[in-house]
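Below: the structure, in structure tokens.
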Amino acid sequence: MKIGINGGGIGGLASAIALRAGGHDVEVYEQAADYRRVGADINLTPNAVRALKSLGVFEALVEKGAQPTHRISRMWDTGEETSRLEMAGEAERKYGAPQLTIHRADLLDALRGRIPESNVLLGHRVTGIETGDTPRVRFANGEVRSVDVLVGADGIHSPTRTALFGAEHPQFTGLVSYRAVVDRAKLDVPNLDAFTKWWGPTPDRQIVTFPLNRGRETFVFATTVQDDWRHESWTMPGDVAELRAVYADFHREARALLDACDAVMKSALYVRDPLPAWSAGNVTLVGDACHPMTPFMAQGACMAIEDAVVLGRALAGVPRAEAPAALKRYENARKERTARVQLGSRGNEWLKQGGNADWVYGYVASEAPLDPA
């Protein structure tokens with residue numbers, strides 16, 4: 001079949017690899033004119049790393065990524081550790097794959113390396129979608145593409161989802177997030193090789209750090225309450241001075257991380273309820289288009305990668321007439337797991353204490369069923 005994918009991000013490119021492996025002719029429609037080094041981190045827990053192994057990109061990820069030694073929780077004021085889980089080799093022993101932290105651009109490069117350049121059409125911004133028996137996509141450049149199956153991998157503001165199910169109504173959490181990448185040479189604080197979370201006096205205030213680029217860089221993520229900022233974008237610039245002021249009462253080691261930031265990105269955080277359906281006819285959704293989630297469990301990209309593998313297996317060798325049934329098998333195989341993670345990610349208490357931390361982490365990191373029923 002000829003399959004079109006709206007969106008050339010992580011879920012879209014992973015889906016293209018999986019669908020090509022199933023014998024299909026695949027085109028990816030990406031609105032950007034080129035791939036630039038934008039965005040920041042991707043935290044790949046073992047479930048996603050296993051899925052990426054099946055897509056043939058694991059070696060490239062190990063070359064560019066980092067493997068955190070531990071997952072540490074610390075208190076905002078005293079610096080006291082409340083939880084420390086071994087990662088690296090221990091994660092591989094328990095869950096069959098390591099945890100990797102990597103810059104989004106490096107993950108995209110690894111995925112693009114598995115797809116012929118001619119199959120990724122840049123500068124193709126979607127302006128209209130017809131979802132009948134033969135899906136059609138219209139682009140701002142005047143082109144129209146007809147495909148046998150259309151996959152919406154077009155993110156939190158998905159035009160494909162809107163075409164299928166109408167406008168969404170996300171709920172603003174009242175929280176904003178900050179993201180930054182810091183040269184490790186600028187930092188003199190402990191645990192830079194670990195994934196560390198500084199828990200604030202209330203669940204809405206936190207700072208998370210972990211290594212990138214084989215440990216040469218440190219990623220910083222933070223959240224706080226701010227009701228007057230409603231922009232939802234992972235690439236919008238923020239104010240470094242504002243970031244430092246918000247956490248001026250945190251432990252000196254946490255403040256040192258923010259003092260080293262030269263620039264920061266800022267985004268409002270919204271929540272959405274799980275969709276009752278992802279597919280209609282010969283059109284389906286993957287990733288943030290169907291189950292966008294807050295970042296507290298670091299599973300947005302991971303769930304999209306799992307989606308891609310299951311979608312590829314569901315459609316492997318399937319003729320056009322059987323595509324709708326195959327898309328439903330894919331959807332049914334994924335909805336329960338992604339809904340549980342989507343709803344669980346709204347809370348910001350997991351892994352704070354030792355107690356059930358290993359069980360909760362084990363749920364997302366353990367082997368996901370990647371074969372459709």
Side-chain angles (χ1 to χ4, degrees), residues 3-19 26 28-32 35 39 41-45 47-52 54-55 57 102 104-105 107-108 110-112 115 120 126 129 149-165 168 170 232-235 267 269-275 277-280 283-315 327 330-345 364 368 370 372:
I3 300 178
I5 300 175
N6 285 340
I10 293 165
L13 294 179
S15 296
I17 296 170
L19 291 165
V26 181
V28 178
Y29 313 128
E30 169 54 40
Q31 66 178 348
Y35 281 91
D41 77 297
I42 297 293
N43 183 12
L44 298 170
T45 44
N47 51 306
V49 175
R50 273 193 312 275
L52 288 164
S54 75
L55 299 179
V57 299
I102 192 168
R104 181 177 184 273
L107 175 54
L108 289 174
L111 294 170
R112 289 169 61 204
I115 306 168
V120 180
V126 174
I129 298 171
V149 168
L150 181 64
V151 178
D154 38 5
I156 52 178
H157 303 296
S158 168
T160 312
R161 181 186 61 231
T162 300
L164 286 177
F165 305 119
E168 60 164 358
E232 189 180 32
S233 169
W234 295 120
T235 58
S267 177
L269 298 181
Y270 286 76
V271 294
R272 291 135 168 110
D273 292 330
L275 288 176
W278 297 1
S279 309
V283 183
T284 196
L285 305 171
V286 300
D288 282 350
C290 50
H291 47 70
M293 53 191 69
T294 55
F296 298 124
M297 291 177 73
Q299 286 300 301
C302 297
M303 292 295 109
I305 293 163
E306 288 185 6
D307 288 348
V309 173
V310 177
L311 178 63
R313 293 177 180 178
L315 285 176
L327 295 181
Y330 149 70
E331 175 185 329
N332 291 336
R334 294 294 298 153
K335 279 199 304 186
E336 180 180 355
R337 176 170 168 84
T338 58
R340 187 174 181 184
V341 175
Q342 185 179 5
L343 293 173
S345 71
V364 295
L370 296 179

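Predicted model only: the values in this text are computed from it and were never measured.
From Thr160, atom OG1 reaches atom OH of Tyr29 across 11.0 Å, with rounding to the nearest 0.5 Å. Atom CZ in Arg161 sits 12.5 Å away from atom CG in Asn6 (nearest 0.5 Å). Note: Met303 CE to His291 NE2 = 7.5 Å, rounded to the nearest 0.5 Å. A distance of 7.5 Å separates CD1 in Ile115 from CD1 in Ile5, rounded to the nearest 0.5 Å. Taken from OG1 in Thr338 to CD in Glu331, the straight-line distance is 9.5 Å, to the nearest 0.5 Å. For the atom pair CD1 (Ile102) and CG (Asn43), the distance works out to 11.5 Å, reported to the nearest 0.5 Å.
For the side chain to side chain contact (heavy atoms under 4.5 Å, CB included) with Ile10, the lone residue among Val286, Asp288, Leu107 that qualifies is Leu107.
For the residue pair Gly9 and Leu108, the shortest heavy atom distance occurs at C-CD2, 3.6 Å. Here the shortest heavy-atom pairing between Ala18 and Ala308 reads CB-O, 3.3 Å. Shortest non-hydrogen contact noted between Phe165 and Leu285 is CE1-CD1, 4.1 Å. Heavy atoms only, all atoms of each residue included: Arg313 and Ser54 are closest at NH2-CB, 4.0 Å. Of all heavy-atom pairs between Cys290 and Asp307, the closest is SG-OD2, 4.3 Å. Residues Tyr270 and Pro170 approach most closely at CD2-CB, 3.9 Å, considering heavy atoms.
A distance-only check finds no donor-acceptor pair linking the side chain of Ser345 to the backbone of Met297 [under 3.5 Å]. In this structure a side-chain-to-backbone donor-acceptor pair under 3.5 Å is missing from Asp154 to Gly7.
Counting only heavy atoms from C-beta outward, the side chains of Leu327 and Leu311 approach each other to under 4.5 Å. Using a 4.5 Å cut-off on side-chain heavy atoms (C-beta onward), Leu19 and Val149 make no contact.
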Residues Val26, Val151; criterion side-chain contact (heavy atoms from CB on, under 4.5 Å); working and verdict: CA-CA 10 Å; Val26 181; Val151 178; over 6 Å; no
Verdict with supporting geometry, Leu52 and Leu55, side-chain contact (heavy atoms from CB on, under 4.5 Å): CA-CA 5 Å; Leu52 288 164; Leu55 299 179; 4.3 Å; yes
Audit row: Val120, Arg112, side-chain contact (heavy atoms from CB on, under 4.5 Å) steps and yes/no: CA-CA 9 Å; Val120 180; Arg112 289 169 61 204; 5.7 Å; no
Gln299 vs Asn47, side chain to side chain donor-acceptor pair (under 3.5 Å): CA-CA, chis, key distance, verdict: CA-CA 10 Å; Gln299 286 300 301; Asn47 51 306; 3.2 Å; yes
